[in-house]
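Some notes on the structure that comes next.
Both backbone and side-chain heavy atoms feed into the values below; hydrogens, waters and symmetry mates do not. This one's a predicted model, so the numbers in the text were calculated from it and none came from an experiment.
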Amino acid sequence: LQRTLSTTWNRISGIAHPTGAATIEVVRGALDQQRADDLLSFWRGRRALSGQEAQRRLPEVVCVLRRDGAVVGASSAYESNVALIGNRRFWIYRSLLDQAVADQGPNMVRATFTALEDEFGGSSEAPIGLCLLLSPDERRLRSAEAVWRDPRMIYAGYVGDGRQFRLAYFENALIATPSPGVQVRPPGEYGSAVGSGYRIEPFAEQERVTREDVVAFWTREGALAAPEAQRRVAEILLVASDRAGRPVGVSTTVLRRIDPLRADLWYTRVFVGAAHRRSHLAVGLALAARDRLARRFASGEDRRAIGIVFEVESEVLKRFLPQAIWPRTEFAFIGETSTGSHVRVFYFPGAPAPEPG
Ligand SMILES: CC(C)(COP(=O)(O)OP(=O)(O)OC[C@H]1O[C@@H](n2cnc3c(N)ncnc32)[C@H](O)[C@@H]1OP(=O)(O)O)[C@@H](O)C(=O)NCCC(=O)NCCS
């Protein structure tokens, strides 16, 4: 069934079109002969696709853009595993728009994303989101921010030919199979608060916990050997302590070049003492670190990094928090290390994606 995307159109109705309004039709899975012929002649006319290749592309078409009844643009998507993003399965977006309707690019992406998301049933084999590859010209037409809204589309690097890579996850997408019996919380249903009696404070702004206390805590817990613990002290951002003022959790951060993202990010770690786990201290520390670093970025106090990166080594966290975007902290899955850790990022609001350079 062909649906006209009236909601999308409502949102873009303020855009002026000198020779008439553009409308987006979602045609996925419902391409009748007339629309197929219109598309074939559109592609042929723009010397984009013809013959068998065009026929093969027809079933992949998701949206058609018309102005004054004529086809002036089309979007399509194909499924692929994406090596850059931990080999997870995504839809890859393609589109052709006439120059005169180039401003409709974001609306076409949004309509295509919505149509594909509507089909997403959460199966582990199904694509979990939509990827975009932007040529330098397309990139310059769009906001340089690392995070676009509606859909929330994040910067994820550059591919070999210089195109910028972005991705948007469908709601409730998972990047790992949850452990049996685990009820995965949907976003928004995350009522966790750090257990009572704990305090999370910036390490440099408190006196209850000393450097020696943290080194002793790390080594006692078997988290770090003494020389590494001594070295890591310089990276402490936050400390969680119990009622008695003893350290129970630590968050460290250090500026690191993240090559696939061609940017510097705060490489942040969280450790919670064995006796204090499951009190939402890890979530609390991650959230506090995120907000503190984001505030420093927003105020201009420290703009050396565009965001935060986490490597999730813990099998527990991988299996119990398998959401593509973590609820509450909003860290998004962006790939895997060679040792299988999940890499997650959070970009500061307003931070720009880097140039390919
Ligand atoms: C991994 C670690 C940081 C988690 O710390 P924590 O304070 O226990 O985690 P939280 O209480 O904030 O829990 C975070 C989420 O993971 C879940 N979770 C954590 N440990 C769990 C476990 N053993 N079983 C089931 N769920 C678990 C929690 O239920 C929570 O989700 P919820 O709010 O939906 O319930 C901590 O166990 C740790 O430091 N481990 C050793 C070091 C390590 O592996 N560090 C790697 C950090 S990536």
Side-chain angles (χ1 to χ4, degrees), residues 194-195 198-261 263-297 301-318 320-321 326 329 331 333-348:
V194 173
Y198 294 114
R199 270 159 79 158
I200 293 177
E201 293 165 297
F203 183 63
E205 294 169 22
Q206 57 82 52
E207 283 167 0
R208 299 198 312 162
V209 179
T210 64
R211 298 159 69 98
E212 291 70 31
D213 293 338
V214 177
V215 170
F217 165 69
W218 272 332
T219 48
R220 193 172 59 240
E221 294 276 344
L224 298 175
E228 178 59 12
Q230 292 289 356
R231 206 193 54 75
R232 196 75 68 80
V233 159
E235 298 173 9
I236 303 172
L237 180 67
L238 300 165
V239 63
S241 53
D242 64 9
R243 276 183 219 280
R246 289 173 300 222
V248 295
V250 184
S251 162
T252 57
T253 198
V254 63
L255 198 63
R256 237 192 219 182
R257 182 78 186 168
I258 308 297
D259 286 331
L261 296 177
D264 291 341
L265 282 95
W266 291 112
Y267 180 87
T268 303
R269 291 180 169 105
V270 167
F271 177 78
V272 175
H276 303 275
R277 292 182 186 160
R278 307 298 308 273
S279 299
H280 288 127
L281 279 168
V283 172
L285 282 163
L287 210 51
R290 186 196 87 171
D291 292 346
R292 191 164 178 79
L293 294 169
R295 263 200 310 277
R296 294 208 315 221
F297 181 87
E301 185 189 335
D302 192 338
R303 293 234 161 116
R304 284 177 293 164
I306 60 169
I308 304 175
V309 64
F310 253 116
E311 265 178 34
V312 185
E313 289 165 35
S314 157
E315 290 305 321
V316 167
L317 285 197
K318 283 189 207 166
F320 285 89
L321 286 180
W326 273 346
T329 56
F331 281 90
F333 179 77
I334 197 119
E336 276 178 0
T337 65
S338 54
T339 54
S341 296
H342 293 174
V343 184
R344 288 179 176 266
V345 289
F346 174 84
Y347 296 113
F348 301 134

Distance-only donor-acceptor check, side chains T252 and R232, under 3.5 Å: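 Side-chain D/A pair, T252 to R232: absent.
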So, taking the atom named [atom1] in [X] and the one named [atom2] in [Y], what distance separates them when rounded to the nearest 0.5 Å?
| X | Y | atom1 | atom2 | answer |
| --- | --- | --- | --- | --- |
| I334 | F346 | CD1 | CZ | 13.0 Å |
| Y347 | L261 | OH | CG | 4.5 Å |
| L237 | R269 | CG | CZ | 13.5 Å |
| T268 | I308 | OG1 | CD1 | 5.0 Å |
| L255 | D264 | CG | CG | 5.0 Å |
| S341 | E313 | OG | CD | 4.5 Å |

Carefully, step by step, assess V248 and V272 under the rule side-chain contact (heavy atoms from CB on, under 4.5 Å). CA-CA 6 Å; V248 295; V272 175; 5.9 Å; no
With side-chain hydrogen bond (donor to acceptor under 3.5 Å, both in side chains) as the test, pick out the partner of Y198 among H280, R243, H276.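 Checked H280, R243, H276 against Y198; only one passes side-chain hydrogen bond (donor to acceptor under 3.5 Å, both in side chains): H276.
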Would you find a donor on one side and an acceptor on the other, under 3.5 Å apart, between the side chain of [X] and the backbone of [Y]?
| X | Y | value |
| --- | --- | --- |
| W326 | L321 | yes |
| S279 | L281 | no |
| E221 | W218 | no |

Would you call [X] and [Y] a side-chain contact if the rule is heavy atoms closer than 4.5 Å?
| X | Y | value |
| --- | --- | --- |
| E336 | H342 | yes |
| F333 | V312 | no |
| R211 | F203 | yes |
| I258 | V345 | no |

Step by step, work out the side-chain contact (heavy atoms from CB on, under 4.5 Å) result for R292 and W266. CA-CA 12 Å; R292 191 164 178 79; W266 291 112; over 6 Å; no
Please evaluate residues V215 and Q230 with respect to the criterion side-chain contact (heavy atoms from CB on, under 4.5 Å), reporting the C-alpha separation (whole Å), side-chain torsions for both, the decisive distance (0.1 Å), and the verdict. CA-CA 6 Å; V215 170; Q230 292 289 356; 4.0 Å; yes
Does R256 count as lying over the ring of Y267, i.e. NZ or CZ under 6.0 Å from the six-ring centre, within 45 degrees of the axis?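 Pair R256/Y267 counts as cation-pi.
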Hey, does the Lys NZ or Arg CZ of R303 hover above the aromatic six-ring of F297, less than 6.0 Å from the centre and inside 45° of the axis?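 Flagged: R303 positioned over aromatic ring of F297.
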